[in-house]
Structure formats: C-alpha cells, structure tokens
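Data block below; observations after.
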Amino acid sequence: MRLYLDSEKKDIFKIVGSNVRYYRQLYNLNHPKEMISQAKLAEIIGVSTGLIGAIEAERLQGVSVPVLWNISQVLGVPIDKFFEEQKIPVGVN
C-alpha cells in the first residue's frame, strides 16, 4: 500500500485530473455518437463546467468523492482508475 504524504498532495490531484481528462476523451473515442464534453459531463452530474475544467486542468486542490464517483459512473470507469499513475498514449490528451 502506498500512502500520500503532505508534500505529495498536489501530485495526486494532478494524477486525478489527468485521468479524468483521459477517460472522458477515451469515452468520446469509443462512443463518437454520444460524445461527452466538459459541459455535458457537468450537466449530467450536477456540477459547474468550471469544476470539471479545473479538475481536468489539474488546478483543483480538492475534489469530493461523490463527484469522482459520479464521473466514474458516467464514463463507465472504476473510480480507482482515477488514482493510478499511468503513461498516457501520445495523441490522446
């Protein structure tokens, strides 16, 4: 098990933001007729477009579990995937 130290808190929000953006774009690649923009995702889960934009731009220093859960449900991604460090394929972000 890996615990995040206080000095690494910014890093976890960068990982989460990057993964939310990646999985939304991946959803759009796999569902071209049902594409989900930041605005549409925000509308579906009942938050502001600015919040989704801030998450994806890795500017947010906190996001609630219910918001992440709702994003995961809409995109069809297990919530734990948002916390995995991964190399994003070139051309996807």
Asn70 and Val47: CA distance, side-chain angles, deciding distance, side-chain contact (heavy atoms from CB on, under 4.5 Å) verdict
CA-CA 10 Å; Asn70 289 338; Val47 299; over 6 Å; no

side-chain contact (heavy atoms from CB on, under 4.5 Å) between Glu58 and Arg21, worked out:
CA-CA 10 Å; Glu58 306 164 13; Arg21 180 177 58 250; 3.2 Å; yes

Return the OG to CZ distance between Ser18 and Phe82, rounded to the nearest 0.5 Å.
11.5 Å

I need the minimum non-hydrogen distance between Leu68 and Val16, along with the two atoms involved.
CD2-CG1, 3.8 Å

The test is side-chain contact (heavy atoms from CB on, under 4.5 Å); show your working for Ile71 and Ile79 and say whether it passes.
CA-CA 8 Å; Ile71 292 171; Ile79 195 170; over 6 Å; no

Quick check: closest heavy atoms across Lys40 and Glu34, and the distance to 0.1 Å?
NZ-O, 4.4 Å

Evaluate salt bridge (Lys or Arg N to Asp or Glu O under 4.0 Å) for Glu84 paired with Lys81, printing each intermediate quantity in order.
CA-CA 5 Å; Glu84 292 180 358; Lys81 293 292 187 186; 3.7 Å; yes

Separation between OH of Tyr22 and CG of Leu29, rounded to the nearest 0.5 Å
9.0 Å

Going hydrophobic residue to hydrophobic residue with side-chain gaps under 4.5 angstrom, can you get from Phe83 over to Tyr27?
yes

Set out, in order, the CA-CA distance, both residues' side-chain angles and the distance that settles side-chain contact (heavy atoms from CB on, under 4.5 Å) for Val67 and Ile55, then state yes or no.
CA-CA 11 Å; Val67 167; Ile55 292 168; 4.3 Å; yes

Nearest 0.5 Å please: distance from the OG atom of Ser72 over to the CG atom of Asn19.
12.5 Å

Kindly say whether Leu75 contributes a backbone atom to a donor-acceptor pair with the side chain of Arg24 at under 3.5 angstrom?
no

The reported gap from CG in Leu41 to CE in Met35 (rounded to nearest 0.5 angstrom) is 13.0 Å

Is there a path from Trp69 to Ile44 through hydrophobic residues (I, L, V, M, F, W, Y) whose side chains come within less than 4.5 Å of each other?
yes

Take atom CD in Glu43; do more than 12 heavy atoms of anything else shown fall under 6.0 Å from it?
no

